[in-house]
Enquirer: 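One structure, pasted below without further comment.
Throughout, residue positions are numbered sequentially from 1 according to the sequence presented. The figures here come from the full heavy-atom set of this structure, side chains too, leaving out hydrogens, waters and symmetry mates.
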Amino acid sequence: VTARKEREDQLRLMLEAHPLPVAVNELETGRVIIESPASAQLFGRDYDSGTGAFTADHYVNPIDRKKLLQRLRKDRVVDGYEAMWKRTDGTQFWARVNLRLLELDGRDVIVSGVVDVTEQKQREDELTRARELLADAIESISEGFALYDEDARLVVCNSTYIKMNKVVADILEPGVRWEQVLSLSAHRGEYPQAIGREEEWLAERQLNRKEFSSNHEFQHQDGRWYSVSIHETRLGGFVVTRTDITERKQNEAVRREGEEIVRQVVDACPAALEMRSVATGEFLFRSPAAVDLLGKRRDLVATYVDPQDQIDLHKQLETDREIFDRRMQLINAEGEPFWASVSARYIEFRGDLVIVSTIS
């Protein structure tokens, strides 16, 4: 008994000087034999060498104690186990414990070191929450979005980006290199521009990426068009955004086709048709019939036999905005006067006031 008391006194002296929460308790009963002042403070007890204290009283979830005892009996060592604990006043905190099962004077005891990780867990929870919010924000973007690190490896992308790169969707996982994505896309025929010249095309794309050019337009094998922007991040990586511009491209094609049809119709029209800017007097368009009738002269005044007719024509347009069948004499391509019927009106064209006129 005396030797046992001496050993406990020695332990007490060592633990009293220990700066961290350390305790020794009986395996079966959980009674604290001795602990450091830091341990008593952590659990909200007055420091009295653990007299009357039981570790079981401080588990928020008793199943944690059951799991720890099972592992200790099996392995005699437990490291880094995290659980919710409670102080004597009922306040709860997260702690990480390291346990060792030893034999002391013929009885099994647990030596435990405890670290309060509440603030760390809170920071981790906040970081997890921030990551979830960021992931949600990225996923909600209507454009395809991908973030690559300084080694050009994929960090994160949204489902829209995967859909826009469906031909290589099987490899779009964090860690895949940007060059791999491009190379496999070209190899699988995703880019018609790369067919027959894959290496050259890849070299051009890598150069564009290094220059961090933006708004490059590409057509995929399915006919869809995308505008791709690449921008460098402060940490040396880069962000890729993809916008589906297929509808815009289709509208542009329809508009070009419509403009071409109109031009062909106007060119074939036997009437002389002209469009001229009111602000500058510059001709914006002259039909072939107008050139044949009036020649290629750019001096508008030289077209009129009587310059006053031009002045009167403009005054009437400013008042009425349109004129029908106004008779006057003009000068034809051969420099000869002829009687003409002029109809004209003001229109808005690309933000400018324009006179559209027909002459016969």
Enquirer: So, using salt bridge (charged side-chain N to carboxylate O under 4.0 Å, His left out) as the criterion, who are the partners of D320 when residues are at least two apart?
Expert: none
Enquirer: Which heavy atom of Y346 sits nearest to which heavy atom of V278, and what is that distance?
Expert: CE2-CG2, 3.6 Å
Enquirer: Testing the 3.5 Å rule here: is there a donor-acceptor pair between the side chains of Q122 and E126?
Expert: no
Enquirer: I'd like to check the salt bridge (charged side-chain N to carboxylate O under 4.0 Å, His left out) partners of E132; sequence neighbours left out, ordered by chain and number.
Expert: none
Enquirer: Would you kindly confirm whether L27 and L104 end up in one hydrophobic cluster when ILVMFWY residues are joined by side chain heavy atoms under 4.5 Å apart?
Expert: no
Enquirer: Could you list the residues that satisfy side-chain hydrogen bond (donor to acceptor under 3.5 Å, both in side chains) with D352, not counting sequence neighbours?
Expert: none
Enquirer: Side chains of D125 and W94: does their closest heavy-atom pair fall under 4.5 Å?
Expert: no
Enquirer: Return yes if some donor-acceptor pair links the side-chain N/O of H58 with the main-chain N/O of R87 below 3.5 Å, else return no.
Expert: no
Enquirer: Report yes if some heavy atom in the side chain of T160 is under 4.5 Å from a heavy atom in the side chain of I141; otherwise report no.
Expert: no
Enquirer: Rounded at 0.5 Å granularity, tell me how far OH in Y226 sits from CD in Q219.
Expert: 10.5 Å
Enquirer: Taking salt bridge (charged side-chain N to carboxylate O under 4.0 Å, His left out) as the cut-off, I'd like each qualifying pair that reaches into residues 152-173, sequence neighbours left out, listed once.
Expert: K166-D222, D170-R188
Enquirer: For a 4.5 angstrom cut-off between non-hydrogen side-chain atoms, does M84 reach T118?
Expert: no
Enquirer: Using a 6.0 Å cut-off, check whether atom CD of E119 has over 12 heavy atoms from anything other than its own residue.
Expert: no
Enquirer: Taking the side chain as every heavy atom from C-beta outward, state whether F324 and R345 have any pair of such atoms under 4.5 Å apart.
Expert: yes
Enquirer: Between D79 and R100, does any side-chain N to carboxylate O distance fall below 4.0 Å?
Expert: yes
Enquirer: Report yes or no: do Y191 and V228 belong to one cluster of Ile/Leu/Val/Met/Phe/Trp/Tyr joined by side chain heavy-atom distances under 4.5 Å?
Expert: yes
Enquirer: Is a side-chain N or O of T88 found less than 3.5 angstrom from the main chain of G44, in a donor-acceptor match?
Expert: yes
Enquirer: Once side-chain hydrogen bond (donor to acceptor under 3.5 Å, both in side chains) is applied, do any residues pair with E252, and if so which ones, sequence neighbours excluded?
Expert: R248
Enquirer: For Q41, is the CD atom crowded, meaning more than 12 foreign heavy atoms sit under 6.0 Å from it?
Expert: no
Enquirer: Counting N and O atoms only, with roles assigned by atom type, does the side chain of S36 sit under 3.5 Å from a partner on the main chain of L20, one being a donor and the other an acceptor?
Expert: yes
Enquirer: Looking at every non-hydrogen atom in both residues, tell me the closest pair between A340 and I359 and how far apart they are.
Expert: CB-CG2, 4.0 Å
Enquirer: Distance from F349 atom CZ to F285 atom CZ, nearest 0.5 Å?
Expert: 10.5 Å
Enquirer: Do L184 and W201 belong together in a cluster built from hydrophobic side chains that touch within less than 4.5 Å?
Expert: yes
Enquirer: Closest approach of I347 and V356, non-hydrogen atoms and distance?
Expert: CD1-CG2, 3.4 Å
Enquirer: Carefully, step by step, assess F238 and H231 under the rule ring-ring contact (aromatic ring centres under 6.0 Å, His included).
Expert: CA-CA 5 Å; F238 57 95; H231 298 283; over 10 Å; no
Enquirer: What verdict does the side chain to side chain contact (heavy atoms under 4.5 Å, CB included) test give for F43 and V32, after you've listed the backbone C-alpha separation in whole Å, the side-chain angles of each residue and the deciding distance to 0.1 Å?
Expert: CA-CA 12 Å; F43 289 98; V32 178; over 6 Å; no
Enquirer: Please list all pairs passing the side chain to side chain donor-acceptor pair (under 3.5 Å) test where one or both residues lie in residues 328-342, with sequence neighbours left out.
Expert: D325-S341
Enquirer: Can you list the residues that meet the salt bridge (charged side-chain N to carboxylate O under 4.0 Å, His left out) rule with K121, with sequence neighbours excluded?
Expert: E82
Enquirer: Is it true that F218 and L182 fall in one hydrophobic cluster, defined by side-chain heavy atoms closer than 4.5 Å?
Expert: yes
Enquirer: Under the side chain to side chain contact (heavy atoms under 4.5 Å, CB included) rule, what do M328 and V342 come out as? Steps first, then yes or no, please.
Expert: CA-CA 8 Å; M328 63 188 70; V342 179; 4.2 Å; yes
Enquirer: Please lay out, stage by stage, how N251 and E247 fare under the test side chain to side chain contact (heavy atoms under 4.5 Å, CB included).
Expert: CA-CA 6 Å; N251 290 338; E247 184 176 353; 3.8 Å; yes
Enquirer: Among pairs that include at least one residue of residues 276-296, which meet side chain to side chain donor-acceptor pair (under 3.5 Å), considering only residues two or more places apart or in two chains?
Expert: E274-R286, R276-H314, S277-T280
Enquirer: Among V239, L147, T233, whose side-chain contact (heavy atoms from CB on, under 4.5 Å) with V155 holds?
Expert: L147
Enquirer: Nearest 0.5 Å, what's the OG1-CD1 distance between T55 and I110?
Expert: 6.5 Å
Enquirer: Side chains of residues 60-76: which donor-acceptor partners sit under 3.5 Å, not counting sequence neighbours?
Expert:
from : atom 1 : to   : atom 2 : distance (Å)
N61  : OD1    : I63  : N      : 3.3
D64  : OD1    : Y81  : OH     : 2.8
R73  : NH2    : E28  : OE1    : 3.4
R73  : NH2    : E28  : OE2    : 3.4
R76  : NH2    : L101 : O      : 3.3

Enquirer: Counting only N and O atoms by type, is there a donor-acceptor contact under 3.5 Å from the side chain of N98 to the main-chain atoms of G80?
Expert: yes
Enquirer: Under the ring pair (Phe, Tyr, Trp, His ring centres under 6.0 Å) rule, collect the residues that match up with Y59, sequence neighbours excluded.
Expert: W85
Enquirer: Might you confirm whether atom CD of E348 has over 12 heavy atoms from other residues, nucleotides or ligands at distances under 6.0 Å?
Expert: yes
Enquirer: If hydrophobic clusters are built by linking Ile, Leu, Val, Met, Phe, Trp and Tyr wherever their side-chain heavy atoms come under 4.5 Å apart, do V240 and V167 end up in the same one?
Expert: yes
Enquirer: For residues 190-202, which residue pairs pass the salt bridge (charged side-chain N to carboxylate O under 4.0 Å, His left out) check, not counting sequence neighbours?
Expert: R197-E200, R197-E204
Enquirer: Run the salt bridge (charged side-chain N to carboxylate O under 4.0 Å, His left out) test against D244 and tell me which residues pass, sequence neighbours left out.
Expert: R224
Enquirer: Between T246 and W225, is there a donor-acceptor pair closer than 3.5 Å when you use the side chain of the first and the backbone of the second?
Expert: yes
Enquirer: With a 3.5 Å distance limit and no angle check, can you tell me whether S183 reaches the backbone of Q180 through a side-chain donor-acceptor pair?
Expert: no
Enquirer: Would you mind reporting whether D116 and L42 have side-chain heavy atoms less than 4.5 Å apart?
Expert: yes
Enquirer: Do you know the tightest heavy-atom contact between L330 and V305?
Expert: O-CG2, 3.8 Å
Enquirer: So, for S112 and L99, which heavy atoms are closest and what is the spacing to 0.1 Å?
Expert: CB-CD2, 3.2 Å
